[in-house]
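Have a look at the structure below, then the notes.
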Amino acid sequence: MNKAVRTRAGIAMAGAALLVGGLTACGGDKAGAGDKGKADGAKAAEAKAQTPVDAVKASYLKTVAAKFAKAELSTVGSDGKTSGQSGTKGWYPSSHDVTLKGEEPDSRSVMIGDIVYTQMDKPLEGKTWMKMNLAKDGKPGIRLNEDPAEYLAMLLGQTKLTLVGAEQTDGVDAQHYKGSFTNADLLAADESTKVMEEKNRQYLHDSVKHITVFEVDLWIGKDGYPVRVDSVSTDGKGTSKTTAKFSAFGTATPVTAPPADQVVDFDDVMKGVDEKLKETDQKLKEADQTLRDAGLGGLGGSGS
């Protein structure tokens with residue numbers, strides 16, 4: 001259980017506006033079929049005008065407003081082992097309520113900001129959840145949350161992202177985008193678009209410093225939300241591959257902390273362990289001295 005604790009985006013309307021002005025200037029004497037032509041032409045022009053950068057920006061802003069979504073992730077780590085997450089992801093602040101899957105028995109993890117709660121197999125001090133604070137020395141714990149807003153944020157302003165085309169993924173109509181990015185690209189995310197809050201942009205840049213290459217396939221549904229992200233991430237430890245699927249944007253149950261009376265603090269547990277170890281060590285020293293005083297060679301068994 002402790003192991004699981006430790007180791008773990010509006011659309012630009014300039015094109016549409018120009019289109020409407022152009023259609024008006026061309027004359028409105030043709031009604032009926034002409035109106036339909038205008039509508040079809042507007043849709044086509046708007047789709048054409050929306051570059052991948054525009055699409056990601058629009059999706060990011062919409063996703064940010066949703067706050068929570070259902071998530072299903074599967075990752076093959078650099079060690080070849082497969083792990084998974086199933087549940088709810090949230091962002092700003094980063095949060096999750098997921099079932100962690102891997103070689104160990106499935107376990108439930110809840111995170112809100114820097115606080116992580118892990119559900120234990122067996123109660124400890126009569127409580128079923130252990131809490132750990134990932135912040136250190138008053139500074140936030142830097143890590144990636146693998147939520148949809150975060151994936152989109154990494155792609156904000158990335159001109160290397162290209163449109164593959166319209167596809168279906170898991171039965172959902174979507175636009176497929178693809179790209180490969182260097183560490184320098186990732187550290188420049190949102191520098192040209194500037195839609196993120198400054199603190200969130202800086203946090204993102206800190207979180208991706210270790211990534212040397214990031215390859216991604218992104219599918220954005222007709223509703224503007226990202227429905228799937230396939231990524232390959234390389235860093236100093238090797239290469240990992242993740243498939244992330246998202247749904248229920250804005251309707252997923254918000255992440256909440258477990259009941260306070262069911263939570264034990266990891267730091268308090270460790271303090272208790274340290275105190276018990278010190279107490280035991282003192283008793284052993286006293287016993288050793290008693291044996292030596294009696295000429296029995298102490299606990300080591302040697303002579304006086």
Side-chain angles (χ1 to χ4, degrees), residues 9-18 46-67 69 89-95 113-114 134-135 138-164 174-221 224-237 239-242 244 246 249:
I11 297 175
M13 299 302 293
L18 288 173
E46 184 175 352
K48 183 177 180 180
Q50 191 178 52
T51 66
V53 169
D54 294 332
V56 169
K57 177 181 177 181
S59 185
Y60 173 81
L61 291 171
K62 187 169 186 177
T63 298
V64 167
K67 297 183 179 179
K89 292 275 187 175
W91 42 94
Y92 309 133
S94 296
S95 64
D114 282 323
L134 301 181
K139 298 179 180 180
I142 303 300
R143 70 229 178 253
L144 290 170
N145 188 43
E146 298 179 303
D147 63 65
E150 181 180 82
Y151 278 117
L152 290 169
M154 295 170 71
L155 302 177
L156 284 170
Q158 303 287 11
T159 57
K160 290 182 180 179
L161 191 70
T162 61
L163 173 64
V164 177
Q175 291 291 328
H176 178 190
Y177 302 88
K178 186 181 185 71
S180 179
F181 309 97
T182 64
N183 178 258
D185 294 327
L186 296 177
L187 293 178
D190 194 43
E191 289 296 342
S192 61
T193 43
K194 296 291 185 183
V195 295
M196 300 178 72
E197 291 186 17
E198 178 58 34
K199 64 177 182 179
N200 295 332
R201 184 187 305 110
Q202 185 57 54
Y203 186 94
L204 174 69
H205 292 172
D206 289 341
S207 300
V208 300
K209 283 182 178 179
H210 66 291
I211 301 176
T212 56
V213 179
F214 183 71
E215 301 168 79
V216 66
D217 285 87
L218 163 71
W219 287 264
I220 298 178
Y225 290 119
V227 294
R228 176 171 174 167
V229 181
D230 290 356
S231 62
V232 180
S233 181
T234 301
D235 58 18
K237 296 180 180 179
T239 299
S240 61
K241 301 178 181 180
T242 297
F246 304 107
F249 285 86

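Note that the structure is predicted; figures quoted are calculated from it, not measured. Along the sequence shown, residues carry numbers from 1.
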Residue pairs involving residues 199-219 (criterion ring pair (Phe, Tyr, Trp, His ring centres under 6.0 Å); sequence neighbours excluded): His176-Trp219

Determine whether Thr51 and Thr159 make a side-chain contact, defined as any pair of heavy atoms from C-beta on separated by less than 4.5 Å. no

State, to 0.1 Å, how close Leu161 and Gly179 come at their nearest heavy-atom pair, and which atoms those are. CD1-N, 3.9 Å

Can you list everything that forms a side chain to side chain donor-acceptor pair (under 3.5 Å) with Glu197? Sequence neighbours excluded, please. none

Rounded distance (nearest 0.5 Å) linking atom OG1 of Thr193 with atom CD of Gln158: 8.5 Å

Does Thr239 have any side chain to side chain donor-acceptor pair (under 3.5 Å) partners at least two apart in sequence or in another chain, and if so, which? Thr234

Least distance between heavy atoms, Val227 atom then Ala174 atom: CG2-CB, 4.3 Å

By side chain to side chain donor-acceptor pair (under 3.5 Å) - contacts of Asn183 (at least two apart): none

Applying side-chain contact (heavy atoms from CB on, under 4.5 Å), name anything that partners Lys67, two or more places apart in sequence or on another chain. none

List the atom of Leu144, the atom of Ser207, and the distance in Å for their closest heavy-atom pair. CD2-CB, 3.6 Å

Quick check for you: to the nearest 0.5 Å, what is the distance between Ser95 atom OG and Asn145 atom CG? 6.5 Å

Any heavy-atom pair between the side chains of Thr242 and Tyr151 that's under 4.5 Å? yes

Pairs involving residues 178-187, ordered by first then second residue, that meet salt bridge (Lys or Arg N to Asp or Glu O under 4.0 Å) (sequence neighbours left out): Lys160-Asp185, Lys178-Asp217

Applying salt bridge (charged side-chain N to carboxylate O under 4.0 Å, His left out), can you list everything that pairs with Asp147, at least two apart in sequence or on another chain? none

Side chain to side chain, Val229 and Pro148, heavy atoms closer than 4.5 Å: no

Of all heavy-atom pairs between Phe249 and Pro226, which one has the smallest distance, and what is that distance? CZ-O, 3.2 Å

Looking at side-chain heavy atoms only, is the closest gap between Val216 and Tyr177 below 4.5 Å? no

Under the side-chain contact (heavy atoms from CB on, under 4.5 Å) rule, collect the residues that match up with Ser192, sequence neighbours excluded. none

Among residues at least two apart in sequence or on other chains, which ones pass salt bridge (charged side-chain N to carboxylate O under 4.0 Å, His left out) with Asp235? none

Nearest heavy-atom contact between Ala244 and Asp230 is N-OD1, 4.5 Å

Identify the two heavy atoms, one from Ala189 and one from Ala153, that lie closest to each other, and give their separation to 0.1 Å. CB-O, 3.5 Å

Under the criterion side chain to side chain contact (heavy atoms under 4.5 Å, CB included), I'd like the reasoning laid out for Leu152 against Val64: C-alpha separation, chi angles, the key distance, then a yes or no. CA-CA 10 Å; Leu152 290 169; Val64 167; over 6 Å; no

Residues in side chain to side chain donor-acceptor pair (under 3.5 Å) contact with Ser233, at least two apart in sequence or another chain: none

Between atom CG of Leu156 and atom CE of Met196, what is the distance when rounded to the nearest 0.5 Å? 6.5 Å

When rounded to the nearest 0.5 angstrom, what is the spacing between CG in Leu186 and CD1 in Ile211? 6.0 Å

Can you name the residues that form a salt bridge (charged side-chain N to carboxylate O under 4.0 Å, His left out) with Glu191, not counting sequence neighbours? Lys194

Supply the atom-to-atom distance Leu204 CG to Lys199 NZ, rounded to the nearest 0.5 angstrom. 14.5 Å

Contacts of Lys241 meeting salt bridge (charged side-chain N to carboxylate O under 4.0 Å, His left out) (sequence neighbours excluded), chain-then-number -> none

How far does CG of Leu155 sit from CD of Glu150, to the nearest 0.5 angstrom? 11.0 Å

Whether the side chain of Thr63 engages the backbone of Ser59 through a donor-acceptor N/O pair (distance < 3.5 Å, no angle test) should be reported. yes

